[in-house]
Each structure stands twice: as structure tokens, then as C-alpha cells.
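Following: one structure in C-alpha cells, then a few remarks.
Predicted model, so just to flag it, every value in this text is computed and none were measured.
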Amino acid sequence: MTVHETKDGATGRGGAAPRSARALARARRLHALARFWRQYRSHRGGVFGLAVLVVIALLALAAPLLAGEESRSVTDATGRALEEPSGEFLLGTDQFGRDVLALLLWGTRVSLMVGLLAACLSVAIGALVGITAGHFKGWYATVVMRVTDWFLVMPTLVLAIALSTVMARSLWTTILAIGVTTWPTTARLVRAQTLAVESRPYIERARALGGGHGHIMSRHVLPNVMPLVLAQTTLVISLAILTEATLAFLGLGDPTVVSWGGLLQDAREAGAVSSGNWWYITPPGLAIALVALAFTLCGRAIESVLNPKLGVSR
């Protein structure tokens with residue numbers, strides 16, 4: 001009878017049914033996310049940066065509704081060349097008579113897309129190099145880290161310009177040029193974290209139980225370096241957006257799309273600086289600075305939450 005009652009209790013008739021391992025893991029993840037958000041929102045700079053990014057992302061998604069496809073066309077321009085801001089054109093027009101505000105909205109989509117994809121590529125390369133170099137050590141780590149050091153000492157912009165020059169001018173070329181030249185910092189940080197993780201006792205136990213290289217790197221090392229990778233991604237995005245704007249300003253971007261850097265390039269060619277057409281050159285410059293600042297603030301807040309020893313100001 002006692003055994004029967006125990007079984008009844010285990011099946012839930014005598015009390016609450018035990019939760020499955022998957023449900024417990026899901027509950028732990030939700031609890032961790034809730035704790036992360038509570039700590040994150042205590043950083044005023046991080047909350048401000050996140051709010052700015054949400055607004056800009058919504059504007060980018062709504063660009064087709066707020067500014068139609070025809071607003072990017074040179075032949076269908078509705079205004080005169082270089083009109084000052086007015087009720088009809090809040091930010092004036094460019095040298096072709098197009099609405100600068102509409103171009104700014106369309107440029108938001110391109111600049112954010114390039115920044116996000118280039119940052120993901122850069123962080124993926126850096127994480128792969130850092131984890132493998134920290135795990136295998138020996139001659140492999142020596143060779144890989146010497147290559148990393150070479151990329152570190154070479155100016156990133158010069159390498160990106162060289163790649164953009166020899167390859168076809170397109171958005172994917174820009175993304176590739178930024179991604180393959182900005183990964184060394186991430187690789188250094190991830191390798192240091194990997195070395196710290198692999199010095200812990202549970203890694204030795206995993207090896208003793210027959211865990212292979214792939215198992216240790218994917219199941220033990222990667223989850224422990226992911227917070228660092230996440231924080232680094234937010235910081236690399238701002239760098240990628242600035243680099244894309246620089247390449248477009250130098251005339252190395254895709255001439256068929258509208259981006260913030262491309263707007264600056266068009267304004268320079270139109271003589272906006274010397275002519276005093278501030279409404280043409282100021283908005284894209286401020287947009288680039290604002291987005292880069294927002295991503296930087298978010299990155300610093302994430303770093304402070306994940307590593308309180310940094311002492312990032314709130």
C-alpha cells in the first residue's frame with residue numbers, strides 16, 4: 001500500500017506532477033532572461049540606446065509605407081534641386097530634387113542591414129578562430145594567432161578598401177570586406193575566455209568520460225563564451241555601420257542603393273559643404289553618429305550586466 005501510494009504521488013494523483021527536464025530548462029532560461037532584463041534596465045544609457053534602436057528599426061521597416069519606391073527615383077523626383085527645408089520637404093531635397101527625408105528612411109534599411117550582417121560575419125569568424133585556438137593550442141594556435149596579430153596591426157579601413165576595390169561593387173562585397181577585416185579583436189577576446197573555461201575541472205571530467213573535441217567546444221566552451229560574443233556583436237555593429245558609411249563616402253559602395261554613406265558622398269559631389277546646403281549633409285551624418293552611439297551604449301550595458309567587475313557607469 002505504501003508503494004502504491006508512492007506511485008500515485010509520483011504520477012501526480014497525490015500531488016503535483018514532476019516537471020520534465022525540458023520544462024525545467026525552459027524555466028531556467030526564462031528566469032535568466034528576466035534577471036538579465038532587470039539588471040539591464042538599471043543602466044540608463046543602455047535603455048536610451050535600446051529605445052533609439054527600436055525607433056530606428058521601426059522606421060526602417062516602415063520605409064516603404066512612409067516613403068514610396070518612387071522617392072528613390074531620379075527621373076520621378078517631385079522637387080527642384082537643392083531646395084531648402086519646407087512644409088513639403090521637411091529636410092529639403094538633393095541635387096536631383098528628391099526628398100532627403102525619404103532617402104534617409106531608405107538609407108536606414110541598407111545601413112542597418114549591412115551593419116548587422118557584417119557584424120555577424122565578423123563575430124562568427126572571430127569566435128571560431130578564438131575557440132579553436134584556445135582549445136587546440138600548440139602549433140595551430142601559434143600560427144592562427146600570428147595571423148590574427150597581422151590583421152590587428154593592419155589598418156582595418158585600408159584592408160576593407162583594398163577588398164572593395166578588387167571586387168564587384170555591391171552590398172555583399174561591402175559586407176564581406178567589413179566582416180573579414182574586423183574579426184581579430186573578437187578572436188583575441190574569445191581565445192582568452194576559452195583558455196579560462198578549459199582550465200576548469202569539469203572540462204577535465206568531460207575528457208575523462210570520453211568527450212571529444214567537438215563535444216567540449218560546442219557543449220561546454222561555446223555556451224560560456226556566448227555572453228562575451230553577444231556583447232562584442234553589439235560593439236562591432238557600430239564599427240560596421242561606420243565602416244560602411246566610410247566606404248560609401250569614398251565611392252566604394254553599391255551605387256544602385258541608397259545608404260547614409262552614399263548620401264554623404266552625393267552631398268560632397270554636389271558641393272553641399274561649400275554651398276552651405278546643410279540640410280543635405282547633416283541628417284545622414286547625425287543618423288550615423290546616433291546609431292553608432294546607440295549600439296555602443298547597448299554594448300557597454302550588456303558588458304556591465306554580464307561582467308559586473310567592469311564597473312561600467314549607469
Side-chain angles (χ1 to χ4, degrees), residues 53 56-57 59-77 81-82 91 93-125 155-183 233 236-273 280-292 295:
L53 292 179
I56 291 178
L59 290 175
L61 293 174
L65 301 177
L66 300 175
E69 294 281 349
E70 68 280 357
S71 61
R72 296 181 294 176
S73 174
V74 175
T75 57
D76 297 333
L82 298 176
L91 294 180
T93 62
D94 66 354
Q95 74 268 36
F96 303 111
R98 298 177 297 178
D99 187 358
V100 173
L101 179 58
L103 297 176
L104 195 67
L105 291 175
W106 281 108
T108 304
R109 297 168 67 93
V110 174
S111 295
L112 287 182
M113 184 190 74
V114 172
L116 289 171
L117 293 181
C120 290
L121 176 61
S122 172
V123 171
I125 296 174
T156 300
L157 183 59
V158 173
L159 292 175
I161 290 174
L163 286 176
S164 299
T165 302
V166 300
M167 299 176 67
R169 292 172 61 184
S170 67
L171 284 180
W172 297 111
T173 296
T174 302
I175 293 171
L176 182 63
I178 297 173
V180 301
T181 57
T182 57
W183 58 266
T233 301
V236 174
I237 290 175
S238 61
L239 173 62
I241 291 176
L242 290 172
T243 306
E244 184 277 331
T246 303
L247 293 176
F249 180 74
L250 295 175
L252 298 175
D254 189 346
T256 63
V257 300
V258 177
S259 68
W260 292 338
L263 288 176
L264 291 176
Q265 163 68 2
D266 293 340
R268 184 186 65 83
E269 291 182 348
V273 177
Y280 194 3
I281 198 169
T282 301
L286 289 178
I288 293 170
L290 182 62
V291 171
F295 274 113

Derivation of the side chain to side chain contact (heavy atoms under 4.5 Å, CB included) call for Glu244 and Ser259: CA-CA 9 Å; Glu244 184 277 331; Ser259 68; 3.2 Å; yes

Min side-chain heavy-atom separation Trp183-Val123 under 4.5 Å: no

Counting only N and O atoms by type, is there a donor-acceptor contact under 3.5 Å from the side chain of Arg169 to the main-chain atoms of Leu252? no

Could you state the interatomic distance from [atom1] ([X]) to [atom2] ([Y]), rounded to the nearest 0.5 Å?
{"X": "Ile178", "Y": "Ser122", "atom1": "CD1", "atom2": "OG", "result": "9.5 Å"}
{"X": "Arg268", "Y": "Leu250", "atom1": "CZ", "atom2": "CG", "result": "8.0 Å"}
{"X": "Leu116", "Y": "Ile241", "atom1": "CG", "atom2": "CD1", "result": "6.5 Å"}
{"X": "Leu247", "Y": "Leu163", "atom1": "CG", "atom2": "CG", "result": "10.0 Å"}
{"X": "Thr181", "Y": "Leu121", "atom1": "OG1", "atom2": "CG", "result": "9.5 Å"}
{"X": "Leu104", "Y": "Asp94", "atom1": "CG", "atom2": "CG", "result": "12.0 Å"}

For [X] versus [Y], what's the shortest heavy-atom pair and its separation?
{"X": "Gln95", "Y": "Ala81", "result": "O-CB, 3.2 Å"}
{"X": "Pro64", "Y": "Arg109", "result": "CD-NH1, 3.4 Å"}
{"X": "Ala292", "Y": "Ser238", "result": "O-CB, 3.5 Å"}

Under the criterion side chain to side chain contact (heavy atoms under 4.5 Å, CB included), which of Thr108, Leu264, Leu91, Asp266 is the partner of Pro284?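 Looking at Thr108, Leu264, Leu91, Asp266, the match for Pro284 under the side chain to side chain contact (heavy atoms under 4.5 Å, CB included) is Leu264.
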
List the steps and the verdict of side chain to side chain contact (heavy atoms under 4.5 Å, CB included) for Thr93 and Asp99. CA-CA 5 Å; Thr93 62; Asp99 187 358; 5.6 Å; no

Using only heavy-atom distances, determine whether the side chains of Thr243 and Thr246 contain a donor-acceptor pair under 3.5 Å. no

